[in-house]
Amino acid sequence: MRPPLKRIDFSCGDEVEVCCNQPGFFGSYFEATVVSHLDTGLYVVTYKNLLADDESKPLTESVYPKELRPIPPRIRTTQFSLHQKVDAFDNDGWWVGEIIGRNGSEYHVYFASSDEENVYPHDKIRVHREWVNGEWIL
């Protein structure tokens with residue numbers, strides 16, 4: 001029998017990442033701040049990098065608790081390894097990929113969800129971690 005899932009309650013002002021599993025966005029995480037917790041159980045968040053449709057202000061929306069996770073702790077690393085699972089910052093969010101090559105200080109990252117490869121400098125890549133049952137797992 002599985003242990004019960006740990007539930008984390010977020011408070012107003014908490015910095016979080018919102019997981020997006022919509023077509024074209026699978027495996028992406030967008031930084032946001034919790035604005036409120038509704039009686040329906042949803043959280044209202046304001047995104048750090050995404051803008052409202054009219055681009056006049058940051059996008060604010062309601063999300064399910066299962067779509068939220070804390071900001072992952074930063075793991076300092078001087079280099080990434082071939083085939084290492086990483087998150088690359090692109091298009092205003094973090095996208096899960098795999099290191100498939102290196103050229104100097106730039107890394108080639110493959111994204112299985114879109115079957116694409118892009119090149120990123122070291123500072124736009126982080127070690128990938130999963131938020132599982134209330135804990136960060138490498």
Side-chain angles (χ1 to χ4, degrees):
M1 195 157 92
R2 283 188 193 169
L5 290 177
K6 290 182 186 175
R7 185 182 152 157
I8 186 166
D9 290 318
F10 295 100
S11 301
C12 291
D14 283 353
E15 292 185 5
V16 295
E17 287 186 345
V18 181
C19 175
C20 187
N21 287 318
Q22 295 176 2
F25 292 92
F26 182 75
S28 61
Y29 298 88
F30 296 88
E31 296 173 0
T33 301
V34 174
V35 176
S36 66
H37 188 200
L38 303 175
D39 291 338
T40 61
L42 297 174
Y43 285 93
V44 178
V45 299
T46 298
Y47 290 94
K48 179 178 178 182
N49 298 307
L50 298 179
L51 298 176
D53 288 339
D54 66 2
E55 297 185 2
S56 66
K57 60 186 176 192
L59 175 64
T60 297
E61 70 176 359
S62 299
V63 296
Y64 291 99
K66 67 181 180 179
E67 297 173 310
L68 294 179
R69 68 183 194 177
I71 299 287
R74 194 76 170 174
I75 298 173
R76 302 250 182 245
T77 183
T78 56
Q79 65 182 11
F80 298 98
S81 303
L82 193 61
H83 303 296
Q84 182 176 358
K85 197 172 188 180
V86 295
D87 299 332
F89 191 80
D90 199 349
N91 292 323
D92 301 320
W94 293 98
W95 300 77
V96 179
E98 176 186 343
I99 300 291
I100 59 168
R102 179 178 175 190
N103 186 7
S105 63
E106 294 186 322
Y107 291 87
H108 295 257
V109 180
Y110 174 73
F111 303 95
S113 63
S114 61
D115 193 31
E116 294 179 349
E117 173 190 335
N118 288 322
V119 179
Y120 299 94
H122 184 274
D123 66 343
K124 295 290 184 186
I125 302 172
R126 68 183 185 191
V127 174
H128 178 75
R129 300 179 101 176
E130 292 287 337
W131 180 248
V132 178
N133 203 18
E135 294 181 28
W136 287 108
I137 307 294
L138 284 174

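The residues of the chain are indexed from 1 along the displayed sequence.
- Atom CD of E15 sits in a sparse spot, with 12 or fewer heavy atoms from other residues, nucleotides or ligands closer than 6.0 Å.
- To the nearest 0.5 angstrom, F26 atom CZ is 7.5 Å from C19 atom SG.
- Hydrophobic clustering, with ILVMFWY side chains joined whenever heavy atoms are under 4.5 angstrom apart, groups W131 together with V16.
- Taking CG of D92 as the start and CG of L51 as the end, the distance is 7.5 Å to the nearest 0.5 Å.
- With a 4.5 Å cut-off on side-chain heavy atoms, V109 and N118 do not count as touching.
- Between the CG atom of L59 and the CG atom of D53 there is a distance of 7.5 Å, given to the nearest 0.5 Å.
- In terms of heavy atoms, D123 sits closest to R74 at O-NH2, 4.1 Å.
- In terms of modelled atom types and a separation under 3.5 Å, the side chain of R102 and the main chain of G104 share a donor-acceptor contact.
- Note on R126 versus E17: salt bridge recorded, some NZ/NE/NH1/NH2 to OD/OE distance being below 4.0 Å.
- In the hydrophobic cluster analysis, where Ile, Leu, Val, Met, Phe, Trp and Tyr join through side-chain heavy atoms closer than 4.5 angstrom, F111 is grouped apart from W94.
- A side-chain donor-acceptor contact under 3.5 Å links Y43 to the backbone of F10.
- A donor-acceptor pair under 3.5 Å is formed between the side chain of W95 and the backbone N or O of D90.
- Distance OG/S11 to NE2/H37: 9.5 Å, rounded to 0.5 Å.
- I99 and I75 fall within a single hydrophobic cluster, where Ile, Leu, Val, Met, Phe, Trp and Tyr side chains are chained together by heavy-atom contacts under 4.5 Å.
- V96 and Y120 are assigned to two separate hydrophobic clusters, defined by single-linkage of ILVMFWY side chains at heavy-atom distances under 4.5 Å.
- Side-chain contact between V127 and Q84 is present, with at least one heavy-atom pair separated by less than 4.5 Å.
- Dense packing is recorded around CG of D54, with more than 12 heavy atoms of other residues, nucleotides or ligands lying under 6.0 Å away.
- Contact detail for G41 and P65: the closest heavy-atom pair is O-CG, 3.3 Å.
- A donor-acceptor pair shorter than 3.5 Å cannot be found between the side chains of Y107 and Q79.
- V45 and V35 make their closest contact through C-CG2, 4.1 Å (heavy atoms, listed as atom of the first residue, atom of the second, distance).
- In this structure, P72 and R69 approach most closely via the heavy-atom pair CG-NH2, 4.1 Å.
- No donor-acceptor pair under 3.5 Å is formed between the side chain of E106 and the backbone N or O of N103.
- Rounding to the nearest 0.5 Å gives a distance of 9.5 Å between CD of E61 and OG1 of T46.
- Taking the six-membered ring for Trp and thresholds of 30 and 60 degrees, H128 and Y29 have ring planes inclined between 30 and 60 degrees apart.
- Closest non-hydrogen pair, F30 versus N91, comes out as CE2-O, 3.7 Å.
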Task: Worked check of side-chain contact (heavy atoms from CB on, under 4.5 Å) between Y47 and T33 - done: CA-CA 6 Å; Y47 290 94; T33 301; over 6 Å; no
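- In this structure, R129 CZ and K85 NZ are separated by 13.5 Å, a value rounded to the nearest 0.5 Å.
- Across S36 and C12, no two heavy atoms sit closer than the pair CA-SG, 3.7 Å.
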Task: Criterion side-chain contact (heavy atoms from CB on, under 4.5 Å) on T77 and H122, from CA distance to verdict - done: CA-CA 9 Å; T77 183; H122 184 274; 4.1 Å; yes
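- Residues L68 and L38 are members of separate hydrophobic clusters, defined by side-chain heavy-atom contacts under 4.5 angstrom among Ile, Leu, Val, Met, Phe, Trp and Tyr.
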